[in-house]
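Note sheet for the following structure.
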Amino acid sequence: QLAERVELNHLTISQRLQLLKDGLRDRHPAVRRECSNMLCNSWVRFVKGNPLELLRMLDVEENCGDTIMLALKIVFDTAQARGKTAAPELLAASTFAFENEGASAALTPEGAIYWLARCETLAARGDDEQLEELVQDVSSLAKVIEVAFGKLVEESTDPVALRQNQFVIEQLIKIAAVIDARHDLVGQQNMSAVVLKVSTCELVTEHSVLVAIFRLLREFEDGDNDEKGFIRQGVEIILDCLDPVDENEWEQRREETRRAIELRVRAERAELEAALAQHAKDEEYHLAAEVKERLVELDGSTGGAASSLLASGSETWRKERAAALTEAFLTSVRSSATVPELDSLLEQVIFPSLEQTENQMLRRVAVRCLSLVSHLSLEMAAKHFPVLVVVMQTEDEDASVRSDALRGIFDLMMLWGTDPFVEVADKALGGQEPASPGGESEQQPSFMAELLTQMDSDDAEVRLAAVEGFAKLAVVGRLVNPQIVQCLLLHYFHPSTEEDIRLRQCLAVCFPTLAQRAGSGRRAIEQAASPLLLAILNPPEDSALGDVAVEPFVQYLLHLLASSEAATVQAEFLLTLLISMLIQPEGDHIRALARGLNFFKLEAGTPIAQLAAATDLLRANSWFTDSVARRQFDKWDAQLETLRADGANLSEAELKEASELVKEEVETRRSSLELPSPRRTRSTRARKPRAAAAVLEDGDSKSDGDQESSDGSYE
């Protein structure tokens, strides 16, 4: 209906993108099919088969991602599937020729992304003939990139054009990576010369361009056997940027760039001055004012470009660019391989950047690079892990640097496990020695304790990194602990994280994943549920536990425990609900607890002795008077009676023994919570509802005013 009633131009760019993102990735095939039909029929017809016009309406430069590429590939695949029955507009969109809009159309953001999607689609199909029609060889594509690079230099005074041209160059480099050029040595040399010139240009500021360059150079290598060769090549490029062998070449390159900018500015200034004189002559003063503003902007952008060129020759700029190149290079390494040249990279780029304190962005890049280097081997990970730990726990450190160190720590633990790092991390923190083989230490290692404290950090970025890290470790099975699961559950429901959407989205995936997997993840949730519920129901004074909403928390725990295969797990949690109601039958959360009793449907074979005893005690408790909670309790009582009538009947001895156990448990928990003795008058209970909990006491502890009920309990 949306495709039939709403035209494409009536939707905003964000609405168009959201429709494609949600519709093309929906789990239901019918939704994906209808969204594809809307794209290939209605939207393609609206732009008359011009894919570049469609991409302009999606603003690919700002919103380029998997969604745009997926949409284009669906257009190509749908046109091929429909064949001769496809609409003319769809066929035109799938076989668009850039000559229709001029050769320069390929150097626009829309043209470049369309070209990339078309090449990737043809490469996936194995259609080398059509792919060769789009890109003759690597050398010809290198010339196109060189033209785009020249355009970037010419239009460097315009910030918008500068960003667009970098985007175009990135897409063209990705196209080169699609082509199989492993045997075209001449093409590789030509392409390498062009992209290396791009990588050391001070006008190229987008990190994604540098990543695309190193991934292209990696594709030129013949398989994973040449991983060490690629590493040596990458280190050589980075060190040459940091300390150029040929200073004259750098100076000549900067001088060429400066001259191109000056020529561009002179031509544009001449045009603007002529337009200003003409507007003044025609007495068009409002237009003259606009031209004057453009002249001022031109002078400002020229100064910015000149400053960039001046900075490019400085030592600071070279350090920053070398660090950025290092990060892009390390993300392109595919397999674990170490070469001696990596030591030079550590000594000349990473460690000096980490040791300086003036430039925090440079420190962030250095921390990420150190983490990436540690991915290459366990030996290097164990060697550099203490450095990340020290950065993580330094309170005076910038929060962004600490969060990057945290992410690096968790990444290494996911890759290599936790065992290789606990001992070295404890030594780095000056913590305790690990437990001896003959016995186990009950105290938690200081490193793990320090990691847990990061989840309580006042800085949202650090807290997010810690929560995400523990959630990932739990999901992959590296570290699954009931205490950690309790901390994660508390963060998921605490009001302080309500605005942290990313944190809650991460945990919303984590808990169902753990609950549905048999093994340690499910056991950790089962072991964490009851103790955490009791802590939230009876929090200490001034504790963050008291801010958690009880009812949604109880319902969520019940939902997670529904995946448990053992009936005893669900019975134990229901017993926790009943005991909590017995401790405080007039508590604030009595209704939420009563609703939770009816979540599960008990099956034959469920151990119900203590459930029945707790139910009988609660039924006879005269302090349990809330009408809503009573109705929910009656439903539970009826379910339990049905189960007992079906063969789960209990003897008097079993019921009495279970009743004693329940009373003992209630008394123990009441004592641990330090709840005062229940009052005897209604007025006192009304003034202190939390202190007026209904409790069960032994006969020896009765006072003279206590009244014993028929079942042995008293108020």
Side-chain angles (χ1 to χ4, degrees), residues 137-139 141-143 145-146 149 169-170 172-202 204 206-247 249-250 253 312 317-353 365-366 368-377 379-380:
D137 51 40
V138 180
S139 297
L141 186 58
K143 294 179 181 178
I145 296 177
E146 197 162 9
F149 180 66
I169 291 175
E170 178 187 352
L172 295 177
I173 293 173
K174 289 181 178 179
I175 292 173
V178 174
I179 305 171
D180 185 4
R182 289 176 294 178
H183 305 294
D184 185 1
L185 299 182
V186 176
Q188 289 185 24
Q189 293 176 357
N190 295 334
M191 180 62 72
S192 298
V194 173
V195 298
L196 290 180
K197 185 165 63 173
V198 172
S199 69
T200 54
C201 177
E202 62 281 350
V204 177
E206 296 293 334
H207 180 70
S208 56
V209 178
L210 304 181
V211 174
I213 288 173
F214 279 108
R215 288 182 177 174
L216 171 63
L217 296 178
R218 180 63 189 83
E219 289 295 330
F220 286 163
E221 300 295 336
D222 186 15
D224 293 336
N225 295 329
D226 287 345
E227 190 73 33
K228 292 184 178 180
F230 168 67
I231 292 177
R232 292 189 179 95
Q233 181 188 20
V235 172
E236 181 181 350
I237 293 170
I238 295 166
L239 296 182
D240 186 59
C241 173
L242 184 66
D243 186 14
V245 176
D246 190 352
E247 288 282 356
E249 182 181 353
W250 274 76
R253 191 180 303 172
S312 68
W317 182 89
R318 289 182 179 178
K319 288 181 178 178
E320 293 176 350
R321 178 49 60 95
L325 289 172
T326 301
E327 184 180 9
F329 158 68
L330 291 173
T331 57
S332 304
V333 177
R334 291 180 181 174
S335 60
S336 299
T338 56
V339 295
E341 285 79 1
L342 282 175
D343 294 334
S344 302
L345 199 63
L346 287 164
E347 294 171 1
Q348 299 184 41
V349 179
I350 298 178
F351 286 142
S353 300
V365 176
R368 293 196 295 266
C369 290
L370 189 61
S371 172
L372 290 169
V373 166
S374 302
H375 290 183
L376 299 181
S377 70
E379 181 182 358
M380 297 190 71

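- Closest approach of Q348 and L242 over heavy atoms only: O-CD2, 3.4 Å.
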Exercise. Stepwise, does the side-chain contact (heavy atoms from CB on, under 4.5 Å) test hold for E327 with H207?
Worked result: CA-CA 9 Å; E327 184 180 9; H207 180 70; 3.8 Å; yes
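- Looking only at side-chain heavy atoms (C-beta outward), D184 and I179 stay at 4.5 Å or farther from each other.
- Contact annotation: the side chain of S199 never approaches that of V204 to less than 4.5 Å [non-hydrogen atoms, C-beta and beyond].
- For S353 against A366, the heavy-atom pair with the smallest separation is CB-CB, 3.7 Å.
- Counting heavy atoms from C-beta outward, V235 and F329 have side chains that approach closer than 4.5 Å.
- Under the 4.5 Å side-chain criterion, counting only non-hydrogen atoms from C-beta, S371 is in contact with H375.
- Residue T326 is tested with L370, L345, L239 for a side chain to side chain contact (heavy atoms under 4.5 Å, CB included); the sole match is L345.
- Side-chain atoms of N190 and V138, non-hydrogen and from C-beta on, never get closer than 4.5 Å to each other.
- Taking every heavy atom of both residues into account, S192 and L217 meet most closely at OG-CD2, 3.7 Å.
- L346 has its side chain within reach of M380: a pair of non-hydrogen atoms, C-beta onward, lies under 4.5 Å apart.
- Put simply, CD1 on I213 and CD on E170 are 9.5 Å apart, with the number rounded to the nearest 0.5 Å.
- In this structure, E341 and E236 have side chains that are not in contact, with every pair of non-hydrogen atoms separated by 4.5 Å or more.
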Exercise. Between E219 and R215, does a salt bridge (Lys or Arg N to Asp or Glu O under 4.0 Å) hold up when you go through it step by step?
Worked result: CA-CA 6 Å; E219 289 295 330; R215 288 182 177 174; over 6 Å; no
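- Residues M191 and L141 form a side-chain contact, since some pair of their non-hydrogen atoms from C-beta on lies under 4.5 Å apart.
- Expressed to the nearest 0.5 Å, how far CZ of R232 lies from CD1 of I237 amounts to 14.5 Å.
- Judged by distance alone, the side chain of S332 and the main-chain N or O of A328 form a donor-acceptor pair under 3.5 Å.
- Nearest heavy atoms, R218 versus F230: CD-CD2, 3.4 Å.
- Atom SG of residue C241 and atom CD of residue E320 lie 11.0 Å apart, to the nearest 0.5 angstrom.
- Rounding to the nearest 0.5 Å places OG1 of T331 at 10.5 Å from CZ of R368.
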Exercise. Would F214 and L330 satisfy side-chain contact (heavy atoms from CB on, under 4.5 Å), going step by step from the backbone distance to the final call?
Worked result: CA-CA 9 Å; F214 279 108; L330 291 173; over 6 Å; no
